[in-house]
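Below: one structure, written as structure tokens.
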Amino acid sequence: MTWRPRLAEGTAPVLVVLFLLLVGLAIAGPAYEEPSGYLALLKRAAPLMILAIGQYFVIVSGGFDLSVGALVTAGVVIAARLINGSESATARVILLVLGFGLLVGLVNGLVTTKLLVPSFIVTLGMLLVLNGAIFLWTGGAPRGALSAGFRTFGRGAVDVPVLGEVPWSVLILLAILVAAALFMRGGTGRALVAVGDNEAAVRLSGGRVDRLRLLAFVLSGLLAAVAAVLLGGFAGVSAQVGTGLEFRAITAVVLGGVLLGGGRGSVVAAAAGALSLEALFTLLNLLGVSGALESAVQGVIIIAAVAYASLGGGGARQRLRWWPKQRDGARPAQPASS
């Protein structure tokens, strides 16, 4: 028996979209005639792709995480305030930011699973809490400065044989993506998808639903903190650095064919959806389209993807399952003759 690589359901369409967008970039922008242009695109997209991977874990298990954008802002602001330009504080502050992300994810998961509050409400509340706390702490104007060592992860590059200089953010992204793909191929990853598809069946089979959902929120919080480190290094310190990223991450996951409500989707497709979204906005910018349309584009993508999943991916499949039963089953009983 020979092994043949097979794309997960929903991956092929987003890869086709991504290919077309990359071709469009090559036509519209001279910078994309060379591989370096696409490497720069991947560097810019890395934080969003990492956020989308974290969001994927939550959505595929049947939840939402609206707190990731505020968590990114909090991570950058906290790092700048505590480092304040000191190289010696860089390593421990990065660990603190990652720990803070884990803590926020843990709180989101515990409130959702133990207090049975819908994840949409929990994470929306966490978004407001984080935004309010950061505003109160900074007075609306972040203080401090990130060290050169901190910014290396977002701006720096490393020499790789054959490839030349590859940005640190791209290497970190690839490591996370490979780890996430391997995780989803394992038993825990498959159980996470099963929770989103049929929670009752997982419980009856002995699965720990609460622990799986808690794990999804913790991973989302951790990856949001990683994205904060990369985005802070790339874009600098700002009180709006993470604004709207939660909706971009959800849009990217939906564009990748992941079913809202859980139970279906590929982590690779979710990451490809994030890269496609970044490529789309870059292409629109090259074509002179106003950046104010980005929110409208995201809204259209979400509505179209959900409608497609409902009509093409969901309703149509249900009709196809039902029709053979009617065709192949027993004929309706005839009334008895008197």
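For residues 63-90, no residue pair satisfies the salt bridge (Lys or Arg N to Asp or Glu O under 4.0 Å) rule, not counting sequence neighbours. Pairs passing the salt bridge (Lys or Arg N to Asp or Glu O under 4.0 Å) check and including a residue from residues 203-225, sequence neighbours excluded, read E199-R203, E199-R213, R203-D210. Identified under the ring pair (Phe, Tyr, Trp, His ring centres under 6.0 Å) test for residues 174-211, with sequence neighbours left out: F57-F183. Listed by first and then second residue, the ring pair (Phe, Tyr, Trp, His ring centres under 6.0 Å) pairs involving residues 199-247 amount to none (not counting sequence neighbours). Applying the ring pair (Phe, Tyr, Trp, His ring centres under 6.0 Å) test to every pair with at least one member in residues 112-150, sequence neighbours left out, gives no pairs at all. Applying the side-chain hydrogen bond (donor to acceptor under 3.5 Å, both in side chains) test to residues at least two apart or on different chains, none of the pairs has a partner in residues 112-134.
Listed here is the closest heavy atom pair of V237 and P142: CG1-CB, 3.6 Å. What you find for L177 and A271 is that their closest heavy atoms are CD1-CB, 3.9 Å. Minimum interatomic distance between L130 and A70 (heavy atoms only, all atoms of both residues): CB-CB, 3.8 Å. Residues A52 and A252 approach most closely at CB-CB, 4.1 Å, considering heavy atoms. In this structure, M49 and L173 approach most closely via the heavy-atom pair SD-CD2, 3.6 Å. Scanning both residues, V241 and G236, for their nearest heavy atoms gives CG2-O, 4.4 Å.
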R264 vs V60, side-chain contact (heavy atoms from CB on, under 4.5 Å): CA-CA, chis, key distance, verdict = CA-CA 6 Å; R264 191 189 75 191; V60 84; over 6 Å; no
Show your reasoning for whether side-chain contact (heavy atoms from CB on, under 4.5 Å) applies to I78 and L82.
-> CA-CA 6 Å; I78 290 172; L82 296 181; 3.7 Å; yes
Are S61 and L212 close enough, and set up right, to give a side-chain contact (heavy atoms from CB on, under 4.5 Å), and what steps lead you there?
-> CA-CA 8 Å; S61 64; L212 289 168; over 6 Å; no
Tell me, with the steps shown, if D159 and V166 meet side-chain contact (heavy atoms from CB on, under 4.5 Å).
-> CA-CA 6 Å; D159 285 327; V166 178; over 6 Å; no
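By the side-chain contact (heavy atoms from CB on, under 4.5 Å) test, V23 pairs with F19, I27, sequence neighbours left out. Applying the side-chain contact (heavy atoms from CB on, under 4.5 Å) criterion to A31, with sequence neighbours excluded, gives no partner residue. With sequence neighbours excluded, the residues satisfying side-chain contact (heavy atoms from CB on, under 4.5 Å) with A89 are S86, R92, V93. In this structure L115 satisfies the side-chain contact (heavy atoms from CB on, under 4.5 Å) test together with V111, V117, sequence neighbours excluded.
The line from CE of M184 to OG of S266 is 8.5 Å long, rounded to the nearest 0.5 Å. Between the CD atom in E278 and the CG atom in L18 there is a gap of 12.0 Å [rounded to 0.5 Å]. With rounding to the nearest 0.5 angstrom, the OG1 atom of T73 is 7.0 Å from the CG atom of L245. Atoms CD1 and CD1, from I50 and I176 in turn, are 4.0 Å apart once rounded to the nearest 0.5 Å. Here the CD atom belonging to E294 is positioned 8.5 Å from the CG atom belonging to L280, to the nearest 0.5 angstrom. Taking CD1 from I250 and CG from L260, the interatomic distance works out to 8.0 Å, rounded to the nearest 0.5 Å.
For the pair L51 and V72, the minimum side-chain heavy-atom distance is below 4.5 Å. Within the 4.5 Å cutoff, no side-chain heavy atoms of L48 are placed close to those of L231. Contact annotation: the side chain of L21 approaches that of V17 to within less than 4.5 Å [non-hydrogen atoms, C-beta and beyond].
Linking Ile, Leu, Val, Met, Phe, Trp and Tyr residues whenever their side-chain heavy atoms come within less than 4.5 Å places L124 and F64 in a single cluster. Residues L171 and V178 do not share a hydrophobic cluster, defined by chaining ILVMFWY side chains whose heavy atoms lie under 4.5 Å apart. Cluster membership check: V129 does not share its hydrophobic cluster with L66, using side-chain heavy-atom separations under 4.5 Å among Ile, Leu, Val, Met, Phe, Trp and Tyr. Under the 4.5 Å side-chain contact rule for hydrophobic residues, L174 and I172 share a cluster. Follow the hydrophobic side-chain contacts under 4.5 Å out from I301 and you reach V289 in the same cluster.
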Per-pair distances, 0.1 Å, donor-acceptor, side chain in residues 96-110, under 3.5 Å, sequence neighbours excluded:
unit_1: N108; atom_1: ND2; unit_2: S67; atom_2: OG; d: 3.1
unit_1: N108; atom_1: ND2; unit_2: V104; atom_2: O; d: 3.4

Let me have the donor-acceptor pairs involving side chains of residues 188-197, under 3.5 Å, with sequence neighbours excluded, atom names and distances please.
unit_1: R190; atom_1: NE; unit_2: R185; atom_2: O; d: 3.2

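Using modelled atom types, no side-chain atom of Y56 and backbone atom of V268 make a donor-acceptor pair closer than 3.5 Å. Within the 3.5 Å criterion, the main-chain N or O of W168 finds no donor-acceptor partner in the side chain of K43. At distances below 3.5 Å, at least one donor-acceptor pair connects side-chain atoms of Y38 with backbone N or O atoms of L22.
Counting heavy-atom neighbours within 6.0 Å of F153 CZ, excluding the residue itself, gives a total of 12 or less.
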